[in-house]
Amino acid sequence: RTADGYKLHGWFIPGPSDFTLLWFHGNAGNIGHRVKNIELIHRNLGANILIFDYRGYGLSEGSPSEAGLYLDGEASIDYLLKRQHRDGAPEGIVLFGRSLGGAVAVKMASSHSVRAIILESSFTSISALREHVYPFLPDMVVKRLLEARYDSLSLMNILRAPLLVIHGDQDDSVPIEMGKKLYKAANVPKKFHTVKGADHNNTYIAGGVDYFLIMKKFIEQPSHR
């Protein structure tokens, strides 16, 4: 339950690892559309996984907004901390944000101490993204379409955890240059991984075994524990 009273729906999938992947998904669909991806990450990383739907998505209550999604992120971290206290769940939290979820992950990582943060196919800000998606629309029209800011770039220099950025080099929705800008702005131990041939939504497929190996190696570095 969020601080402003909404009940969120999600899944906690236990695994053998000593960390929990807190998954902030992208804008499209809900957690039910990500079952295959969840299974692959669970099998290849051995991770405990918490994935949930933001307010207004799937079976979660409420209506989405930028401020609301950040409250949802806070609620998910609070849930894991309470779970750790109650039943000894793994202490290490790894934030995993894909696309829109990257903005939520960055916001959480700017104020919480976690083991690591992984950003995949993430944008720098809504205003920068709109120049890529809606380059010819008048500013007033775009402002009405896109009220939120999700300005991840402005927060990158205050991240408090090691950073892995993953991006497909054929991403037409969020250009790889945005991922590189996020990476460059961070002042923490970091790694950038390009998934060759991947578009916005198939990085975990196009990346093959290496995709999971790089993620696992990054998370399990002794310096990240």
Side-chain angles (χ1 to χ4, degrees), residues 1-13 20-35 37-38 49-84 93-114 116-134 137 139-161 163 173-174 178-179 182 200-201:
R1 191 168 292 277
T2 65
D4 56 344
Y6 292 109
K7 190 174 183 179
L8 306 180
H9 173 255
W11 299 328
F12 182 86
I13 304 102
T20 296
L21 194 77
L22 175 50
W23 189 329
F24 302 113
H25 66 68
N27 183 55
N30 56 61
I31 59 176
H33 297 104
R34 293 166 169 86
V35 173
N37 194 180
I38 294 169
I49 298 172
L50 173 61
I51 183 169
F52 70 96
D53 276 323
Y54 313 116
R55 60 185 64 202
Y57 288 70
L59 299 178
S60 293
E61 298 174 349
S63 299
S65 67
E66 181 176 7
L69 264 64
Y70 293 152
L71 287 176
D72 298 345
E74 295 285 351
S76 67
I77 291 177
D78 185 56
Y79 168 83
L80 285 178
L81 294 176
K82 288 179 179 177
R83 186 182 181 92
Q84 290 168 7
I93 296 176
V94 176
L95 304 179
F96 176 48
R98 178 176 287 151
S99 191
L100 171 66
V104 183
V106 167
K107 183 68 172 180
M108 298 303 103
S110 69
S111 58
H112 292 276
S113 294
V114 294
I117 175 173
I118 302 172
L119 301 180
E120 185 172 305
S121 307
S122 295
F123 50 80
T124 51
S125 69
I126 286 292
S127 61
L129 186 63
R130 72 88 186 251
E131 294 175 6
H132 173 72
V133 180
Y134 307 112
L137 290 180
D139 285 346
M140 290 184 65
V141 175
V142 173
K143 185 177 181 180
R144 287 197 298 270
L145 288 174
L146 305 172
E147 292 291 335
R149 296 180 60 210
Y150 293 111
D151 189 1
S152 296
L153 188 60
S154 68
L155 299 175
M156 294 304 291
N157 65 341
I158 59 171
L159 292 186
R160 301 171 62 182
L163 170 71
S173 299
V174 179
M178 286 195 175
L182 292 173
H200 190 64
N201 294 310

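This structure is a prediction, so every number in the text was calculated from the model and none was measured.
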Show the nearest heavy-atom pair for residues Glu66 and Asp151, with the distance to one decimal.
OE2-N, 4.4 Å
Looking only at non-hydrogen atoms, find the nearest pair between Asp53 and Ile31 and report the distance.
OD1-N, 3.1 Å
Between Lys7 and Glu61, does any side-chain N to carboxylate O distance fall below 4.0 Å?
no
Separation between CZ (Phe52) and OG (Ser60), nearest 0.5 Å, reads 8.0 Å
By ring pair (Phe, Tyr, Trp, His ring centres under 6.0 Å), Phe96 pairs with (sequence neighbours left out) Trp23
Return the minimal non-hydrogen interatomic distance between Leu182 and Met156, and the atom names on each side.
O-CE, 3.2 Å
Between Ser122 and Gly97, which heavy-atom pair has the shortest distance, and what is it?
OG-O, 3.6 Å
Measure the spacing between OG of Ser76 and CG of Leu8 and express it to the nearest 0.5 Å.
8.0 Å
Could you tell me the separation between the CZ atom of Phe12 and the CD1 atom of Ile49, rounded to the nearest 0.5 Å?
9.5 Å
Look up atom CG in Leu95 and atom CE in Met108, then write down how far apart they are to the nearest 0.5 Å.
8.5 Å
So, do Val114 and Leu22 sit near enough that their side-chain heavy atoms are less than 4.5 Å apart?
no
Report the C-alpha separation of Leu153 and Phe123 in whole Å, then their side-chain angles, then the decisive distance to 0.1 Å, and conclude whether the side chain to side chain contact (heavy atoms under 4.5 Å, CB included) test is met.
CA-CA 8 Å; Leu153 188 60; Phe123 50 80; over 6 Å; no
Student check: side-chain heavy atoms of Leu81 and Gln84 closer than 4.5 Å
yes
When you compare the side chain of Tyr6 with that of Leu71, does any pair of heavy atoms fall below 4.5 Å?
no
Which heavy atom of Ser152 sits nearest a heavy atom of Ala103, and at what distance?
OG-CA, 3.3 Å
Between Leu159 and Val106, which heavy-atom pair has the shortest distance, and what is it?
CD2-O, 3.9 Å
Can you confirm whether Ile77 sits close enough to Leu80 that some side-chain heavy atom of one is under 4.5 Å from a side-chain heavy atom of the other?
no
Hey, could you give me the OH/CG distance between Tyr54 and Asp72, rounded to the nearest 0.5 Å?
8.5 Å
In Å and rounded to the nearest 0.5 Å, what is the CZ to CG distance from Arg1 to Asp78?
13.0 Å
For Asn37 and His25, what are the C-alpha separation, side-chain angles and deciding distance, and is it a side chain to side chain contact (heavy atoms under 4.5 Å, CB included)?
CA-CA 11 Å; Asn37 194 180; His25 66 68; over 6 Å; no
Ignoring hydrogens and geometry beyond distance, is a side-chain donor-acceptor pair present between Ser113 and Arg160 at under 3.5 Å?
yes
Take Trp11 and Ile38 through the test side chain to side chain contact (heavy atoms under 4.5 Å, CB included) and record every step on the way to the result.
CA-CA 10 Å; Trp11 299 328; Ile38 294 169; 3.9 Å; yes
